[in-house]
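Single-structure report; data block below.
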Amino acid sequence: MSIAHVSRALQELRESELVDLLVSEDRKKGRVYDITEKGVDIWETIERKNMA
């Protein structure tokens, strides 16, 4: 998977409030993300329904 695809996916996850960016918005390389509570809830639903 290309970096562009990963970046786009992370941006979509941020817009959906499923992950948070933990470093400055100005930082372009080495960004660190964390899953939000909403993201955890959705992931647990996916696992519970054997969708992953």
Side-chain angles (χ1 to χ4, degrees):
M1 185 177 284
S2 73
I3 291 174
H5 285 105
V6 173
S7 294
R8 190 173 321 127
L10 284 165
Q11 182 59 37
E12 290 176 10
L13 290 169
R14 285 183 67 201
E15 289 170 0
S16 298
E17 300 179 347
L18 301 176
V19 298
D20 285 326
L21 179 61
L22 299 180
V23 296
S24 169
E25 191 75 41
D26 296 332
R27 188 173 180 175
K28 298 302 178 194
K29 288 188 175 184
R31 287 184 166 186
V32 179
Y33 295 84
D34 189 23
I35 192 168
T36 62
E37 283 298 317
K38 180 179 176 182
V40 170
D41 291 343
I42 290 173
W43 181 249
E44 287 173 349
T45 299
I46 290 168
E47 286 185 320
R48 190 171 49 254
K49 294 184 177 188
N50 295 317
M51 298 169 66

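The residues of the chain are indexed from 1 along the displayed sequence. No hydrogens, no waters, no symmetry mates; every other heavy atom, side chains included, goes into these values.
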Result block: side-chain N/O donor-acceptor pairs under 3.5 angstrom for residues 3-10, not counting sequence neighbours:
from, atom 1, to, atom 2, distance (Å)
His5, ND1, Ser2, OG, 2.6
Ser7, OG, Ile3, O, 3.1

Give every donor-acceptor pair under 3.5 Å between a side-chain atom in residues 45-52 and any protein atom, sequence neighbours left out.
from, atom 1, to, atom 2, distance (Å)
Thr45, OG1, Asp41, O, 3.1
Thr45, OG1, Arg48, NH2, 3.2
Glu47, OE1, Trp43, NE1, 3.4
Glu47, OE2, Trp43, NE1, 3.1

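The side chain to side chain donor-acceptor pair (under 3.5 Å) test applied to Ser24 returns no partner, not counting sequence neighbours. Listed by chain and residue number, Glu15 satisfy the side chain to side chain donor-acceptor pair (under 3.5 Å) test with Gln11 (two or more places apart in sequence, or in another chain).
Between Ile42 and Leu18 the shortest heavy-atom distance is CD1-CD2, 3.4 Å. The shortest heavy-atom contact between Asp20 and Thr36 is OD2-CG2, 3.4 Å.
Within the structure, salt bridge (Lys or Arg N to Asp or Glu O under 4.0 Å) contacts touching residues 27-38 (residues at least two apart or in different chains) are Glu25-Arg31.
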